[in-house]
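To start, the structure itself, in structure tokens.
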Amino acid sequence: MKKIFILGSTGSIGVNTLNVIRDYPDLFRVSGITANSNIDLLMEQVEEFKPEWVVISDKSAAKNFALRSSDKIEILEGEEGLITATKNADYDILLSALVGFAGLSPTIEGIKRRKRIALANKETLVVAGEFIMDLAKKYFSEIIPVDSEHSAIFQCLAGEKTSEVGKLILTASGGPFLENTFEDLKSVSVADALNHPNWDMGNKISIDSASMMNKGLEVIEAHWLFNLPKNQIDVVIHPQSIIHSMVEFVDGSIKAQLSKPDMKLPIIYALSYPNRLQNNYTQTDLCKISKLTFFEPDFRKFECLKIAFDVMQIGGTAPCIMNAANEIAVEMFLNEKIKFLDIPKVISESLDKIEKVSHPDIETIFECDRKTRELALTYN
Ligand code: NAD
Ligand code: MG
């Protein structure tokens, strides 16, 4: 029986993880769950899964939860609550699925406890990849990707030598604006941007997919996770989202992992690895998929993807600056304070103005995130 602590149980990945756990009551048990403010859903989850640890980050939501909860269940609050719980709860796997920079601190606690990290929160590796991979090595903590592209690559690399990898090929659906022109992007609405063709995800990652910043974050995530040089990571547009990513080896052979899109697959793999569990989540009938197509991304239209590649080359705190500015820009776009094409502008401005530090320690990363947010909020 594996005990799972889920950071962000009320989110898209969190709910899918609970859907998986529900199907394997003899294999998995929920040790802890956390939410920011969706206490209605959290209450249902507490009732069904009876976790020992519950954290609500938003303090007024935590008070409301306590007032409404009939059980005498102890609730921890705020960021401190996340740290206390991940430090002390009894779990085998930390499923890290908060959104954004907020996922970094509790993930560090899981690593320090030598636990397996099932990592959905890609921002952790984007902002602190070097620090996190060193820490995981030091504490013998396994980081198993949940992001579908990285799960695909992880599966393709099974039994292979990193030295024989030619390149990683991350696939991208191209998001809701694949068919639009650059001109069209000037006036797209929040609803247009949230309307992803293949995946149902949280708001932040949906906007990141529309701007292709999501693929940019994933390129940096892959660089750290698989310890490969930056020039060995490519992106190819594959609108059907059937091939989740590929690895090309030095002999020219390419391995790919395929399935109809369903996040329960990479989630269950991260929980059951190195084993595979039987399920009927998705049947991929290749004869019904009439074609698989591939083409190069348009870096002019999707400037965020270009920025991410540039920032990966610069290294140090540059990805942290990009990430913080992007988080603020996405929030401003969702609140209709800026236009869609302002998102890369907020990021470029922050990258121009904030000082970059190479090989940052963790304090420097927190400080860089804080400063960048402060600056990005002044964009107009
Ligand atoms: P989501 O917005 O649906 O859920 C986020 C979860 O984190 C919720 O439980 C929310 O309550 C909690 N949360 C949000 N802000 C918080 C904060 N400041 N402090 C504490 N808790 C907070 O997001 P999601 O789509 O599930 O994505 C989660 C992570 O997984 C992201 O990093 C995303 O990039 C990554 N990811 C998601 C998918 C997907 O299909 N949804 C796929 C691959 C990777
Ligand atoms: Mg992904």
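Order of appearance sets the numbers: ligands from 1, and atoms from 1 within every ligand. Numbers for residues simply follow the sequence, beginning at 1.
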Check ligand 1 against Gly8 and write out every atom of the ligand that is under 4.0 Å from a heavy-atom position of the residue.
6 (C), 7 (O), 9 (O)
Check: Ala102 N/O within less than 3.5 Å of ligand 1 N/O
no
Among non-hydrogen protein atoms, atom 22 (C) of ligand 1 lies closest to Asn36 CB, 3.5 Å
Residue that, paired with His244, satisfies side-chain contact (heavy atoms from CB on, under 4.5 Å) out of Ser259, Cys156, Ser151
Ser259
May I ask you to say whether Asp262 pairs ionically with Lys264, meaning some side-chain N is under 4.0 Å from a carboxylate O?
yes
When the ring planes of Phe309 and Phe299 are compared, do they come out parallel, tilted or perpendicular, using 30° and 60° as the limits?
perpendicular
Decide whether an N or O pair under 3.5 Å exists between Ser37 and ligand 1.
no
Could you check atom 26 (O) of ligand 1 against the protein and tell me its nearest heavy-atom contact, residue, atom and distance included?
Ile13 N, 2.9 Å
Going by an N to O cut-off under 4.0 Å, is there a salt bridge joining Asp147 and Lys122?
yes
Of all heavy-atom pairs linking Ser31 and Lys3, the shortest is CB-CB, 4.1 Å
Between ligand 1 and Gly14, can you find any atom pair, the residue atom being a heavy atom, that is separated by under 4.0 Å?
no
Are the charged groups of Glu123 and Lys204 less than 4.0 angstrom apart, N to O?
yes
Distance-only N or O hit between ligand 1 and Ser148, under 3.5 Å:
no
Where ligand 1 meets Asn121 - atom numbers and elements under 4.0 angstrom, heavy-atom basis
32 (O)
If you measure from each heavy atom of Lys204 to ligand 1, is any distance below 4.0 Å?
no
Can you sort out which atoms of ligand 1 are near Ala35, meaning under 4.0 Å from one of its heavy atoms?
11 (O)
Where does Ala120 meet ligand 1, judged by heavy-atom distances below 4.0 Å: at the side chain, the backbone, both, or neither?
both
Does Gly202 reach ligand 1 with a nitrogen or oxygen that is under 3.5 Å from one of the ligand's nitrogen or oxygen atoms?
yes
When you check the gap from the basic side-chain N to the acidic O, do Glu374 and Lys371 get nearer than 4.0 Å?
no
When every non-hydrogen atom of Ala318 is compared with those of Lys356, the smallest separation belongs to CB-CD, 4.0 Å
Check ligand 1 against Ser57 and write out every atom of the ligand that is under 4.0 Å from a heavy-atom position of the residue.
19 (N), 20 (C), 21 (N)
Less than 6.0 angstrom from the centroid, inside 45 degrees of the normal: does Arg300 satisfy that with respect to the ring of Phe182?
yes
